[in-house]
Amino acid sequence: MIEPRIKEALKGRVMAGEIVPEIDGKSVNVFGWVHEVRDLGKLVFVVVRDVSGMCQVVFRMDELDESVRDVVRKLSSESVIFVKGTVVKQPKSRLGVELVAESVEILGKSVPRLEYDPTGKVQASMDVRLKHRILDLRRPEVKNVFIIGNHVLKALRDFFYQRGFVEVRTPKIIASATEGGAELFEIKYFDKQAFLAQSPQLYKEQLTTVFEKVFEIGPFFRAEESHTRRHISEFTSVDIEQAFSDMDDVMEVLEEAVAHVHRVLLDKCGKQLKELGVNLRVPKTPFPRITYDQALEILRQEGENIKWGEDFSTPHLRKLGKKFTSYYYITHFPTEIKPFYIQEKAENPALSESFDLMFQWLELASGGTRVSDHDVLIRKLVQKGLDPKMFEDHVKVFRYGMPVHAGWGLGFERFLMVLTRRTNIRETVLFPRDRFRLTP
RNA sequence: GCCCAGGUGGUAUAGCCAGGUUAGCAUCGCCGGCUGUCGCCCGGCGGACCCGGGUUCAAAUCCCGGCCUGGGCGCCA
């Protein structure tokens with residue numbers, strides 16, 4: 001429990017970010033972490049940081065008791081302190097205001113010489129930052145990414161609820177690794193073998209026959225050997241699936257969701273965006289759409305030698321990203337390079353009713369109209385070299401009345417990278433898991 | 001999985017190519033000084049060559065292997 005004395009003081013707590021010139025003369029209690037100490041001898045400046053921001057505390061050593069002076073001399077970076085003092089308008093201070101301290105207590109001592117300096121005076125490598133992630137996260141710039149991410153999640157949920165989607169949670173532990181595509185993590189499930197889910201794809205399709213419109217925001221796992229700035233082993237997928245819909249319907253949902261998030265961020269996260277140096281603009285909808293064939297043509301004019309039917313390589317996408325500098329769709333990929341559950345175009349089965357949402361060269365989302373006919377699904381499984389028997393739990397749902405449906409999956413962290421202009425996906429995950437990183 | 005680059009005090013780096021220096025600088029920690037700092041400043045002190053093998057009179061430096069890290073590709077979100 002908290003000491004009654006401290007509990008009482010917490011009632012009068014004023015957040016660091018609320019220490020402004022307008023409350024000049026007010027007596028306040030501030031609780032937070034020592035961000036920085038500048039000791040001038042008889043004058044000691046301490047920058048205190050809490051979740052709201054930072055404020056400067058000044059200790060006039062001559063005017064304080066010896067007992068208080070002792071505590072001030074012992075302050076170490078990142079210790080948790082409780083400062084009692086008076087707010088004073090102070091033009092000499094950069095913030096225009098400071099807290100003249102009357103007393104200070106150390107509530108949680110930090111060790112001297114931290115493994116990593118949260119003030120950022122000395123650059124740290126990504127590896128060091130992630131090894132001491134909690135200290136790294138205390139940096140305002142780093143923290144802001146997650147404050148923004150938090151608002152993105154809420155904005156997406158609000159958007160989906162408003163449009164009548166039901167939020168679902170599908171299993172993350174699955175029995176078979178047969179969906180194809182990504183490598184899965186194998187786990188021990190009592191005496192059985194199991195896998196960590198790579199996506200909610202099959203479950204969300206099934207659930208459209210119950211809720212019609214579903215969405216899920218959850219963690220998924222890929223055991224890929226990827227070693228790039230845009231891959232992690234555990235990521236968050238924003239997935240939707242809706243009945244009585246085709247790709248055009250869900251592309252509209254996606255671009256409106258993206259635009260909505262921009263509007264919410266401009267409204268709620270102006271401070272964070274500014275501190276990150278991000279100048280966000282709401283993208284115009286509908287987003288530009290180019291077909292696979294058109295993208296191919298553009299790349300060929302650039303001198304790329306790509307055969308029809310090939311997927312675009314990363315260098316190809318980088319080239320394309322120079323022409324399309326914001327969000328855009330690439331649609332109607334060859335059926336051959338899309339999963340079994342994607343619907344073929346009726347008039348040309350070599351093409352599929354599929355799309356990717358791109359931001360410049362980065363693939364953010366992928367979706368399409370799904371196969372809804374039982375026999376077509378079986379045929380496509382076989383064509384992909386998969387055994388329909390392994391999919392019986394899924395396939396049988398297609399015998400119970402399956403409407404035409406469509407959906408997409410959006411990589412949340414990649415989206416957050418775009419929104420916060422981070423160039424490494426690890427910047428957008430609190431505790432990232434990649435090929436070589438399992439801790440902290 | 002393949003390819004490239006890199007591991008020097010707690011952190012970030014110089015030195016390495018052309019082998020021999022008390023291994024330099026900054027930050028950090030400790031001590032001292034400073035009443036207006038805000039990347040405070042000034043003085044002092046402390047702390048490092050990833051591991052193993054080889055070449056050599058001599059290896060942080062050259063060679064081989066390992067481990068670790070960053071990035072690119074493939075694949076994907």
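Below, each value reflects all heavy atoms present in this structure, side chains not excepted, and no hydrogens, waters or symmetry copies. Chain letters run A, B, ... following the sequence lines, proteins first and then strands; every chain starts at 1.
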By nearest nucleotide on RNA chain B, pick out whichever of A:H132 and A:R435 is the more 5' one.
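Mapping each residue to its closest nucleotide by heavy atoms, the 5'-most match is A:R435.
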Classify the side chain of [X] and the base of [N] as holding, or not holding, a donor-acceptor pair under 3.5 Å.
X: A:E115; N: B:U11; result: no
X: A:R222; N: B:C76; result: no
X: A:H227; N: B:C73; result: no
X: A:R437; N: B:C68; result: no
X: A:R113; N: B:G10; result: yes

Under 4.0 Å, counting only non-hydrogen atoms across every strand here, what does [X] touch: a base, just sugar-phosphate, or nothing?
X: A:N424; result: sugar-phosphate
X: A:D117; result: nothing
X: A:S226; result: base

What's the closest nucleotide to the A:H231 side chain, out of B:C75, B:U69, B:C38?
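Comparing B:C75, B:U69, B:C38 against the side chain of A:H231, the answer is B:C75.
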Evaluate the salt bridge (Lys or Arg N to Asp or Glu O under 4.0 Å) criterion for residues A:R69 and A:D65: first the C-alpha distance (whole Å), next the side-chain angles of each, then the deciding distance (0.1 Å), finally the verdict.
CA-CA 6 Å; A:R69 291 204 296 262; A:D65 287 345; over 6 Å; no
Using Watson-Crick or G-U wobble geometry with both distances below 3.5 Å, tell me the partner of B:C28, or none.
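Across any shown strand, B:C28 pairs with B:G46.
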Does B:A77 have A:F235 stacked on its base, where the ring centres are within less than 5.5 Å and the planes differ by under 30°?
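A:F235 vs B:A77: stacking yes.
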